[in-house]
K.L.:
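Would you mind keeping the following structure in view while I ask a few things?
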Amino acid sequence: MFTVQTYNKISEAGKRAFNAERYTIEEKTDKPDAIIVHSTPLHDLKFAPTLKAIVRVGAGVNTIPVDRCTENGIAVFNTPGGNANAVKELTIAAMIMACRNVQGASAWVNSLKDGEEEPGKTVEKGKEVYRGPEIMGKKIGIIGVGSIGSRMAKACYDLGMIVTGYDPYLTNHRKEELKQYLTFTDNVDDIYADNDFVTIHIPLSAQNEGFVGKDAIAKMKDGVYLINYARGPIVDNDAIVEALEAGKIKAYVTDFPTKKQLGRPNVVCTPHLGAGTPEADENCAVMAARQIADFLENGNVRNSVNYPDIAFERAGGDRVTIFHHNKVGMLGVITEKVAAAGLNIENLVNKARGGNAYTILDFDENVPETLTDILEKIDGVIKVRIFH
């Protein structure tokens, strides 16, 4: 029986995705096998010895101490794509609201509620100030063409926009699949220089913090619409305010407003609603449950942020998984120890991700528990699990 601890409210569909005969779902427990979390910060969490995995219901993992998890052989997962449609829809809606000044126009119309007459005539006289451009035929640059960015590309193309994408991490195969909707550039400066709209869809990391700052803004067209539905710190927020005041940025559209940005007529802001739909909650929770179950039951890794993804069918016997450092000769030492224990490896898969590696060994026989101690004594091995 596995115990899964939940932080925040998790969709009931996600809970139902677990086999009730093999899993208990608890809000409080001292011995979780896995944790499902939405937005609760876990940086001060003391890891239980039983903890094997943490999964974020969503994409961003900045609330999880990923480095510390890696040091302890705890796999960290997210659910990329599960909320992508929700974010795309709200991003498109907010972008159009900014162009047509829907926010200001709506506030003005509502201000007429105390007037003596019906608002019809007043509205007709005063609406001119709230006119704005259409997005059809305009150019939009997308920074990050992953699960959300690719959907943005398709949606913007269907709305008649001219789309350019920048994503140095996207495979050539994926670019080929998407090229009917957009043109790719290898230089992010092209995104800044050529587009009426710039939208950001990259994860928050130390490398990406302040990705769009003063220098990037200076390279943009005058009167650009800048859209940030990724994460707040990805942009230099002080530089945004400065550019708004100077008119360099026509409007800033964001799900992560700062206090200095609130109340400005050229800022369209929402309260981190990008993934805030029941459909996204359900999609991500079910995805999270399935990833955890496959990892706990089979050692398969899908959508990990700290270890390489490896997933395949088990052979007829036991399976052994090993989290270890990516060191020269490590596989040789592991297989030597296995052979010395009198065991024959039926299948072996090893992958690395930076300085971390993950190895799965399949056998056609039963593996003694003593193999765990043998392998964990190898220098560089972090955690070993045996699946019977």
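All residue numbers in this chain count up from 1 along the given sequence.
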K.L.:
In Å, rounded to the nearest 0.5 Å, how long is the span from CG of Leu226 to CG of Asn266?
P.N.:
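If we round to the nearest 0.5 Å, Leu226:CG and Asn266:CG are 11.5 Å apart.
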
K.L.:
State yes or no: are the ring centers of His38 and Tyr7 separated by less than 6.0 Å?
P.N.:
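Judged by ring-centre distance (under 6.0 Å), His38 and Tyr7 do not meet the cut-off.
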
K.L.:
Hey, does the side chain of Asp167 reach the backbone of Val145 with a donor-acceptor pair shorter than 3.5 angstrom?
P.N.:
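Yes; judged by distance alone, with no hydrogens or angles, the pair exists.
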
K.L.:
When you check the gap from the basic side-chain N to the acidic O, do Arg151 and Glu89 get nearer than 4.0 Å?
P.N.:
no

K.L.:
Without swapping roles, check the side chain of Asn78 against the backbone of Val55 for a donor-acceptor pair under 3.5 Å.
P.N.:
no

K.L.:
Starting at CG of Asn237, measure out to CD of Gln261 and round the result to the nearest 0.5 Å.
P.N.:
4.5 Å

K.L.:
Over all heavy atoms of both residues, which pair between Leu262 and Pro257 is shortest? Give the atoms and the distance, please.
P.N.:
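Leu262 and Pro257 have their closest heavy atoms at CD2-CB, 3.9 Å.
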
K.L.:
Above 12 or not: heavy atoms from other molecules or residues under 6.0 Å from CG of Asp30?
P.N.:
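No.
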
K.L.:
For a 4.5 angstrom cut-off between non-hydrogen side-chain atoms, does Asp189 reach Tyr192?
P.N.:
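Sidechains of Tyr192 and Asp189: in contact.
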
K.L.:
To the nearest 0.5 Å, what is the distance between CG on Leu159 and CD on Glu134?
P.N.:
11.0 Å

K.L.:
Are any of the side-chain nitrogens in Asp222 or Lys248 under 4.0 Å away from the carboxylate oxygens of its partner?
P.N.:
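Yes, charged N to carboxylate O under 4.0 Å.
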
K.L.:
Main chain of Thr79, side chain of Gln291: is a donor-acceptor contact present, judged purely on distance under 3.5 Å?
P.N.:
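No: the side chain of Gln291 does not pair with the backbone of Thr79.
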
K.L.:
Should Val235 and Ile227 be regarded as members of a common hydrophobic cluster, given that ILVMFWY residues are connected when their side-chain heavy atoms come within less than 4.5 Å of each other, either directly or indirectly?
P.N.:
no

K.L.:
Test your reading of the model: is there a side-chain donor-acceptor pair from Arg385 to the backbone of Leu296, 3.5 Å cut-off?
P.N.:
yes

K.L.:
Would you kindly check if the NZ (Lys) or CZ (Arg) of Arg68 is within the cone defined by 45 degrees around the ring axis of Phe47 and under 6.0 Å from the six-membered ring centre?
P.N.:
yes

K.L.:
Any non-hydrogen side-chain atom of Leu371 less than 4.5 Å from a side-chain atom of Val320?
P.N.:
yes

K.L.:
Enter the distance from Lys88:NZ to Ser150:OG here, rounded to the nearest 0.5 Å.
P.N.:
10.0 Å

K.L.:
State the CD-CD1 distance between Gln5 and Ile10, to the nearest 0.5 angstrom.
P.N.:
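Taking CD in Gln5 and CD1 in Ile10, the distance rounds to 11.0 Å.
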
K.L.:
Side chain to side chain contact (heavy atoms under 4.5 Å, CB included) between Ile382 and His325: does it pass, once the steps are laid out?
P.N.:
CA-CA 8 Å; Ile382 300 170; His325 297 150; 3.8 Å; yes

K.L.:
So, Tyr307 versus Phe323, ring centres under 6.0 angstrom or not?
P.N.:
yes

K.L.:
Should Glu242 and Lys214 count as an ion pair when the cut-off is N to O under 4.0 Å?
P.N.:
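Counted as a salt bridge, because a side-chain N and a carboxylate O are separated by less than 4.0 Å.
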
K.L.:
Quick one, His324 with Glu376, criterion side-chain hydrogen bond (donor to acceptor under 3.5 Å, both in side chains). Give me CA distance, side-chain angles, the key distance, then yes/no.
P.N.:
CA-CA 9 Å; His324 57 89; Glu376 286 188 342; over 6 Å; no

K.L.:
Both conditions, 6.0 Å and 45 degrees, for the charged tip of Arg290 above the ring of Tyr23: are they met here?
P.N.:
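The answer is no; the distance or angle limit is not met.
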
K.L.:
Please evaluate residues Arg231 and Glu209 with respect to the criterion salt bridge (Lys or Arg N to Asp or Glu O under 4.0 Å), reporting the C-alpha separation (whole Å), side-chain torsions for both, the decisive distance (0.1 Å), and the verdict.
P.N.:
CA-CA 9 Å; Arg231 279 293 186 272; Glu209 192 165 339; over 6 Å; no

K.L.:
Between Phe2 and Phe18, is the ring centre distance below 6.0 Å?
P.N.:
no

K.L.:
As a quick check of understanding, evaluate side chain to side chain contact (heavy atoms under 4.5 Å, CB included) for Val163 and Tyr181, giving each step before the final call.
P.N.:
CA-CA 7 Å; Val163 188; Tyr181 306 108; over 6 Å; no

K.L.:
Quickly, which of Val305, Val66, Ile74, Asn306 forms a side-chain contact (heavy atoms from CB on, under 4.5 Å) with Ile54? Name it, please.
P.N.:
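Testing Ile54 for a side-chain contact (heavy atoms from CB on, under 4.5 Å) against Val305, Val66, Ile74, Asn306 leaves exactly one candidate, Ile74.
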
K.L.:
Give the minimum heavy-atom separation between Thr270 and Leu273, together with the two atoms involved.
P.N.:
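For Thr270 versus Leu273, the nearest heavy atoms are CB-CD1, 4.4 Å.
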
K.L.:
So do Phe197 and Asn195 actually touch side chain to side chain, heavy atoms under 4.5 Å?
P.N.:
no

K.L.:
Within the distance-only criterion (no hydrogens, no angle test), does the side chain of Asp364 pair as donor or acceptor with the backbone N or O of Gly316 below 3.5 angstrom?
P.N.:
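No; judged by distance alone, with no hydrogens or angles, the pair does not exist.
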
K.L.:
Among Lys250, Lys221, Lys138, which one satisfies side-chain hydrogen bond (donor to acceptor under 3.5 Å, both in side chains) with Asp196?
P.N.:
Lys221

K.L.:
Could you walk me through whether Thr91 and Thr199 satisfy the side chain to side chain contact (heavy atoms under 4.5 Å, CB included) test, starting with their C-alpha distance in whole Å, then the side-chain angles of each, then the deciding distance to 0.1 Å, before giving a yes or no?
P.N.:
CA-CA 9 Å; Thr91 305; Thr199 184; 4.1 Å; yes

